[in-house]
*Asks:* 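First the structure, which I've put down as structure tokens, then a few questions once you've had a look.
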Amino acid sequence: MESSAFFYIHEAVYKEMIAYCRQDLPNEACGLMSGPTGIETGHTLWKLPNEAKQKNRFLLSEDTISEVLEEMKKRGEQLTGIFHSHPTKVAYPSATDIACNPYPGVAYIIISFTDSPPVVRCFTMKDNKLQQLDIVLFRD
């Protein structure tokens with residue numbers, strides 16, 4: 001696994017993402033992130049219902065994703081990240097996470113609640129290669 005790349009997330013979005021995932025415990029929570037078109041950053045958090053409603057799996061239907069992508073486009077934003085929580089597992093993509101990722105190259109953020117404070121890690125998964133990205137928080 002390679003490292004030394006970065007994903008920039010607005011500090012308020014980062015905190016909101018963790019709080020949202022904590023609210024859905026013991027189930028996994030999930031959603032998307034977007035940023036201004038042409039800028040690969042997490043500016044906007046899209047908190048979406050986990051359609052699987054399970055402790056060890058999340059599901060976002062194609063219809064749900066399509067609706068949100070359309071709303072992003074209207075705002076002049078693009079999909080920059082997918083996030084979900086691991087209530088009882090480490091912040092590392094599972095085999096299912098890797099196999100079912102429909103957006104290679106998009107930041108894939110996992111929040112693990114096995115420790116306190118939660119551990120948040122970010123990856124890209126492209127061509128069966130996993131690359132960890134360092135998360136950098138920013139403010140306006």
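Excluded from the calculations below are hydrogen atoms, water molecules and symmetry mates; all remaining heavy atoms, backbone and side chain alike, are included.
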*Asks:* Between Pro93 and Leu130, which heavy-atom pair has the shortest distance, and what is it?
*Replies:* CG-CD1, 3.8 Å
*Asks:* List for me each residue that meets side-chain hydrogen bond (donor to acceptor under 3.5 Å, both in side chains) alongside Asp115, sequence neighbours excluded, and say none if there are none.
*Replies:* none
*Asks:* Are any of the side-chain heavy atoms of His10 and Leu137 separated by less than 4.5 Å?
*Replies:* no
*Asks:* Mind checking what makes side chain to side chain contact (heavy atoms under 4.5 Å, CB included) contact with Thr96, not counting sequence neighbours?
*Replies:* Ser94, Cys100
*Asks:* Can you name the side-chain hydrogen bond (donor to acceptor under 3.5 Å, both in side chains) partners of Glu77, sequence neighbours left out?
*Replies:* Ser34, Thr44
*Asks:* Do you know the tightest heavy-atom contact between Ile18 and Val120?
*Replies:* CD1-CG2, 3.9 Å
*Asks:* What pairs meet the salt bridge (charged side-chain N to carboxylate O under 4.0 Å, His left out) rule with one or both residues in residues 19-37, with sequence neighbours excluded?
*Replies:* none
*Asks:* Heavy atoms only: give me the nearest Cys21-Ile111 pair and the separation to one decimal.
*Replies:* SG-CD1, 3.8 Å
*Asks:* If you look at every heavy atom in Ala107 and Leu133, which pair is closest and at what distance?
*Replies:* CB-CD1, 4.4 Å
*Asks:* Counting C-beta onward and ignoring hydrogens, is there a side-chain heavy-atom pair between Tyr14 and Ile135 closer than 4.5 Å?
*Replies:* yes
*Asks:* Name all residues meeting the salt bridge (Lys or Arg N to Asp or Glu O under 4.0 Å) criterion together with Lys89; count only those two or more places apart in sequence or in a different chain, and write none if there are none.
*Replies:* none
*Asks:* Which pairs count as side-chain hydrogen bond (donor to acceptor under 3.5 Å, both in side chains) when at least one residue sits in residues 100-109, sequence neighbours excluded?
*Replies:* Asp97-Tyr108
*Asks:* At what distance, to the nearest 0.5 angstrom, does OG of Ser85 lie from CG of Asn27?
*Replies:* 8.5 Å
*Asks:* Considering only residues two or more places apart or on different chains, which pairs with a residue in residues 15-46 satisfy ring pair (Phe, Tyr, Trp, His ring centres under 6.0 Å)?
*Replies:* His43-Phe138
*Asks:* Excluding sequence neighbours, so at least two apart, what forms side chain to side chain contact (heavy atoms under 4.5 Å, CB included) with Val90?
*Replies:* Tyr92
*Asks:* Scan residues 44-71 for pairs that pass salt bridge (charged side-chain N to carboxylate O under 4.0 Å, His left out), counting only residues two or more places apart or in two chains.
*Replies:* Glu16-Lys47
*Asks:* In sequence, state the C-alpha distance, the side-chain angles, and the governing distance for Val106 and Leu79, and then conclude on side chain to side chain contact (heavy atoms under 4.5 Å, CB included).
*Replies:* CA-CA 8 Å; Val106 169; Leu79 176 67; 4.3 Å; yes
*Asks:* Just one of Val68, Ile65, Ile82, Leu59 clears the side chain to side chain contact (heavy atoms under 4.5 Å, CB included) bar with Leu48, so which one?
*Replies:* Val68
*Asks:* Are side-chain heavy atoms of Val136 and Phe7 found at a separation under 4.5 Å?
*Replies:* no
*Asks:* How long is the gap from CG on Leu45 to CG on Leu32, to the nearest 0.5 Å?
*Replies:* 9.0 Å
